[in-house]
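Quick notes on the structure that follows.
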Amino acid sequence: MIRDQIRQIVTEAVGSAQSSGNLPAVDFPPVEIERPNQADHGDYSSNFALLATSAIKKATGQRANPRQIAQSVVENIPTGGLVGSVELAGPGFINIRLHENWLQQSVLSVLEQGASFGAIDRGKGQRWQVEYVSANPTGPLHYGGGRNAVLGDALANVLEAAGYDVQREFYVNDSGTQFQLFIESLYVCYIQLCEELDGLTKRNLEIPEGGYQGAYLHDYAKLVRERRGDRLAHLEPGEARAELREDGREIVVRDIEDELASMGVTFDRWFSEKSLYDEGLVDQLLEQLSDKGEVIKRDGALWFLASSYPGNEKDEVVVRSNGAPTYFASDIAYHYDKFVRRKFDRVINVWAVDHQGHIPRMGAVMRALELDPERLKILLYNLVKLIRDGQEVKMSKRSGDILTVREVVEEVGPDAVRFMLLTTSPERSIDFDMSLAVQRKNENRVYYVQYGHARICSLLQRAAQSGHQNPEKVPDDAAEIVGLLSDPAELTLIRRMLEMEEQIELAVDRLSPHNLTYYAEDLTKTFSVFYENCQVLHSDVPRDLARARLLLVLAAKTALSRVLNLMGMSAPEEM
RNA sequence: GCGCCAGUAGCUCAGUGGAUUAGAGCGUCGCCCUGCGGAGGCGAAGGUCGCAGGUUCGAGUCCUGCCUGGCGCGCCA
C-alpha cells in the first residue's frame with residue numbers, strides 16, 4: 001500500500017536521524033501516517049514529531065521541540081520515487097506530497113490491475129467466514145433481511161479484495177421450533193389443497209397456534225402437490241409431516257435463494273442446522289462441556305453455565321426439561337464446527353440488533369471451547385424502516401402479510417436497494433424512502449454514480465468512433481504520454497483513484513463497508529470535475545494529450561466499476 | 001431497574017485524538033450551455049456536534065453523570 005510505503009520511508013528517516021545523532025536514541029512510538037483533511041496539507045502527513053516529544057520527555061525528562069524533531073526527520077526523507085515533496089508545518093507536522101511523475105505513471109498501474117484494482121494483501125493466508133442472512137427457513141425474506149444480505153455480501157467482497165480467503169455461508173435453521181411450525185402449517189395447506197383438488201374428504205385442519213399463514217404457503221403447497229400428488233394426504237399425519245420436511249425445506253430454501261439472487265447475493269454454502277444433530281455433534285459437544293462442568297442439570301433442564309464468564313449475568317438452557325434442545329445447543333456445535341473442524345481463522349456473523357443479547361453468550365461459548373473470543377466477530381446492524389409516499393409502510397405479521405426483499409427489489413431495483421442499505425453505518429437505523437429510490441432525480445445518489453460510469457463509457461465509445469485507437473488497449477508509448485497529464489483536475493482524479501486501497505482497508509478494519517458509497521460518490525464527483533475542465537475529444541486538444549486523457553478516463557472507469565462491484569452493484573454502460 | 005446502540009446544517013447522513021474555516025448530498029438562493037450524456041459544474045447562506053462536567057498541549061471523537069429515542073434482558077430465535 002502507498003501509505004505503508006510512506007510509513008516505511010518516514011520510519012527509515014527517523015532511523016537515519018537517530019544514527020546521525022540528530023534525534024535522541026530513545027524508543028519512539030511507531031510512525032503513523034494519516035490523510036490530512038485539507039488538500040494543501042499534502043497527500044499524507046505524520047504527527048510523529050508530536051508523539052516523539054512526549055516519548056523523549058518520558059525517557060529523558062527533557063522537553064524537546066516538536067518542530068525541531070520534525071525538521072530532523074524531514075531532512076532525512078529523500079524525494080524521488082513516489083515522494084514529491086516534504087515539508088514541515090504547523091506545530092510539527094510532516095506533510096508529504098506524492099510525486100507528479102509517479103502519479104502520472106500510476107494511471108498505468110490502475111489499468112494493469114484492472115478488475116482487481118486496489119487489492120491488498122492484508123489477509124494473505126487467512127481463512128475467514130462471513131455468515132449472513134441466515135433467516136429462518138419459514139418463508140420469503142422480510143425486507144429487513146435485505147440489509148443483512150447487502151452488508152454481509154459487500155463485506156465479503158471487501159475482505160476478498162483485502163486478500164482474505166472468504167467463505168460465504170447461510171445457516172439454515174431447519175431443526176427448531178419455527179421450522180417445525182412451518183412444516184405443520186405447510187402440511188395443513190397441502191391437505192386443504194388436496195381436499196379441494198382431489199376431492200378428498202374434508203378434515204377441517206387448521207394452522208397451528210403460532211404457525212404461518214402467509215399466502216406464499218399455498219404456493220409452496222402447490223409445489224409439493226406437483227411433486228407428490230396427493231400421496232402424502234393418505235399417510236398418517238406424523239409420517240406425512242416427516243416426509244414433508246424434505247420437500248418443505250427444499251422449496252423454502254430455493255425461494256430464499258432466488259430472492260437473494262435477485263439482488264446478486266449468493267452463498268458458498270448453505271449449512272444445515274439439522275445436520276449437526278444428525279451426525280451427533282450437538283450431543284458430543286454437550287457431553288464434552290458437561291465433562292468439563294460447563295453444562296449441568298438443574299430443574300430438569302440442561303444449563304450452560306454462561307454466568308461464570310464475563311459479560312454474562314445468567315445461565316442458558318441448552319436442553320429443555322421436555323428434552324427438546326434450544327437453538328443455543330446447536331449454536332455451540334455450529335461454532336465448534338466453524339472453528340475447530342473447519343479451522344476458520346475468523347468468523348463474522350451478521351446479526352440484527354435484536355440478537356444483541358446473544359453476543360456475550362457466544363463469547364462465553366468461545367471461552368468454554370477454549371477458543372480465542374476475538375476470533376468471533378459480530379456485525380450488528382439496526383433495523384430498516386420502509387417509507388413510501390412519506391409514510392411508514394406498516395404490515396401485519398399475524399396474517400403473514402409481510403413485505404419481502406423480492407418485492408422491494410422489484411419496486412426500486414437491486415442497485416438502488418444495495419446502495420441505499422449500504423450508505424448508513426450499520427448501528428444506525430435506516431429510513432428507506434422507496435419513493436425516493438425510484439426517482440431518477442438529483443436527490444437520488446445511486447443514479448449520480450451510475451450516470452458517471454455510463455458517461456465514461458459513452459466517452460470511450462465515442463473515442464473509438466472518432467478514429468482513436470481502441471481506447472481499451474494500452475499503447476506502447478503509454479508511459480510517455482501519461483506524462484502529459486498535469487492539469488489539476490487530472491492529478492486530483494488520479495489521487496482520488498489511488499485511495500482505493502485505503503478505502504478497502506478501512507471497510508475491513510471497521511467490518512463495515514459503508515464508506516464505499518461515499519468513496520464512489522467522491523470518485524464520480526472528481527471525474528465530473530475533470531470532465532468539465534478537460535476536453536478529451538475535441539479538435540483543439542493535441543492528439544497525444546487526448547490519448548493520455550483517454551487512458552485516464554479508462555482508469556477512472558476501472559476504479560469506478562471496481563467500487564460499484566465491491567458494493568455488489570452493476571456498472572451500467574448506458575442508462 | 002440493568003445492558004447495548006443512536007442523538008452532527010432545514011432534511012438524509014459521513015466524520016480514523018490533532019494545524020485559525022466540523023464535511024457531503026438534497027433542499028434554498030445566485031451563477032455556467034456555438035464543446036465529449038445538464039441525470040453535470042461553480043459559488044453563497046445555513047452548525048451551542050443532545051446537555052453538564054472531566055482527562056489532554058488539543059475532544060464531534062476518550063472518561064463520568066444526565067436527557068431523549070430505539071433495541072435487548074424467556075426452558076423464543
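To find a chain, count down the sequence lines: A is the first, B the second, and so on, and within it residues start at 1. All values reported here derive from a predicted model rather than from experimental measurement.
- Residue-nucleotide stacking is not present for A/Y448 and B/rG25, judged by a side-chain ring centre under 5.5 Å from the six-membered base ring centre and planes under 30° apart.
- Rounded to a whole angstrom, the distance from the C1' atom of B/rG41 to that of B/rG54 is 47 Å.
- Taking the charged nitrogens against the carboxylate oxygens, A/E87 and A/R97 do have a contact shorter than 4.0 Å, which makes a salt bridge.
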Could you give me the CA-CA distance, side-chain angles and deciding distance for A/E184 and A/Y212, then say whether side-chain hydrogen bond (donor to acceptor under 3.5 Å, both in side chains) is met?
CA-CA 9 Å; A/E184 283 170 25; A/Y212 295 85; over 6 Å; no
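- There is no side-chain donor-acceptor pair under 3.5 Å between A/E502 and A/Y519.
- If you check every strand for non-hydrogen atoms under 4.0 Å, A/Q356 touches a base.
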Start with the C-alpha gap between A/F530 and A/T492, add the side-chain angles, then the distance that decides, and say whether side-chain contact (heavy atoms from CB on, under 4.5 Å) holds.
CA-CA 8 Å; A/F530 158 78; A/T492 304; over 6 Å; no
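- Within the 4.5 Å cutoff, the side chain of A/Y381 has no heavy atoms near those of the A/I430 side chain.
- Here the separation of B/rU28 from B/rU68, taken at their C1' atoms, is 29 Å to the nearest Å.
- Within 4.0 Å (heavy atoms only), A/V536 reaches at least one base atom of the nucleic acid.
- Residue A/A352 is classed as having no contact, given no heavy-atom separation below 4.0 Å to the nucleic acid.
- Summarising the geometry, the separation between CD on A/Q450 and C1' on B/rA39 is reported as 11 Å, rounded to the nearest angstrom.
- One atom, CG of A/N533, and another, C1' of B/rG35, lie 13 Å apart when rounded to the nearest Å.
- Using a 4.0 Å heavy-atom cutoff across all strands shown, A/N136 reaches sugar-phosphate atoms only and no base atom.
- Put simply, the side chain of A/D315 never gets that close to the backbone of A/W303: no donor and acceptor are under 3.5 Å apart.
- Within the 4.0 angstrom heavy-atom criterion, no nucleotide atom of any strand lies near A/F328.
- Closest to the side chain of A/E427, from the set B/rC75, B/rC5, B/rG40, is B/rC5.
- You won't find any donor-acceptor pair under 3.5 Å spanning the side chain of A/D354 and the base of B/rG72, going by distance alone.
- A sub-4.0 Å separation between OP1 or OP2 of B/rC42 and a side-chain N or O of A/K525 is present.
- Nucleotide B/rG30 forms a pair with B/rC42, judged by Watson-Crick or G-U wobble geometry with both contacts under 3.5 Å.
- Using a 4.5 Å heavy-atom threshold, the side chains of A/E34 and A/Y44 count as separate.
- No engagement by A/T53 is indicated, since no non-hydrogen atom pair under 4.0 Å with the nucleic acid exists.
- Going from the P atom of B/rU16 to that of B/rC62 covers 9 Å, rounded to whole Å.
- In this structure, A/H358 does not pack face-to-face on the six-membered ring of B/rA77, missing the 5.5 Å centre cutoff or the 30° plane limit.
- No side-chain N or O of A/Q535 forms a donor-acceptor pair with one of A/R549 less than 3.5 Å apart.
- Residues A/L159 and A/V508 form a side-chain contact, since some pair of their non-hydrogen atoms from C-beta on lies under 4.5 Å apart.
- B/rG7 and B/rC67 make up a base pair, with Watson-Crick or G-U wobble contacts both under 3.5 Å.
- Summarising the geometry, the separation between CD1 on A/I430 and P on B/rC5 is reported as 18 Å, rounded to the nearest angstrom.
- If you check distances only, the side chain of A/N95 does reach the base of B/rA19 with a donor-acceptor pair under 3.5 Å.
- Remark: B/rU56 base-pairs with no nucleotide in the shown strands. Criterion, Watson-Crick or G-U wobble with two distances under 3.5 Å.
- A/E532 places its CD atom 7 Å from the P atom of B/rG41, with the value rounded to the nearest Å.
- Rounded to the nearest Å, the gap between the C1' atom of B/rA52 and that of B/rA59 is 15 Å.
- B/rG1: Watson-Crick or G-U partner is B/rC73, with both key distances under 3.5 Å.
- Residue contacts for A/T326: at a heavy-atom cut-off of 4.0 Å it reaches the sugar-phosphate backbone alone, with no base atom in range.
- Taking only distance into account, the side chain of A/T424 never meets the base of B/rC13 through a donor-acceptor pair shorter than 3.5 Å.
- Closest to the A/Y327 side chain, of the nucleotides B/rC75, B/rA77, B/rC73, is B/rA77.
- At a threshold of 4.5 Å between non-hydrogen side-chain atoms, the residues A/L151 and A/L421 do not count as touching.
- The partner of B/rA24 is B/rU12, by the rule that a Watson-Crick or G-U pair needs both atom distances under 3.5 Å.
- Across A/V150, A/N148, A/N349, a single residue satisfies side chain to side chain contact (heavy atoms under 4.5 Å, CB included) together with A/Y132, and that is A/N148.
- Residue A/R67 is out of contact with every strand shown, counting any heavy-atom pair closer than 4.0 Å.
- In this structure, B/rC33 is classed as syn because its glycosidic torsion stays within 90° of zero.
- Ranking B/rG40, B/rA77, B/rC73 by closeness to the A/T177 side chain, first place goes to B/rA77.
- Between A/R428 atom CZ and B/rU12 atom C1' there is a gap of 9 Å when expressed in whole angstrom units.
- Nucleic acid contact for A/C534: base, since at least one base atom lies under 4.0 Å from a heavy atom of the residue.
- Of the residues in residues 487-523 of chain A, those lying under 4.0 Å from RNA chain B by heavy-atom distance are A/R510, A/H514, A/Y518.
- Distance CG (A/N312) to P (B/rG72): 18 Å, rounded to an integer number of Å.
- Residue A/L51 is the one, among A/L537 and A/L51, whose nearest nucleotide of RNA chain B lies closer to the 5' end (criterion: closest heavy atom).
- Between A/E34 atom CD and B/rG18 atom P there is a gap of 6 Å when expressed in whole angstrom units.
- Atom-to-atom, CG of A/N382 to C1' of B/rU12 comes out at 16 Å; the value is rounded to the nearest Å.
- Comparing A/L50 and A/G452 by the nucleotide of RNA chain B whose heavy atom lies nearest to each, the residue mapping closer to the 5' end is A/L50.
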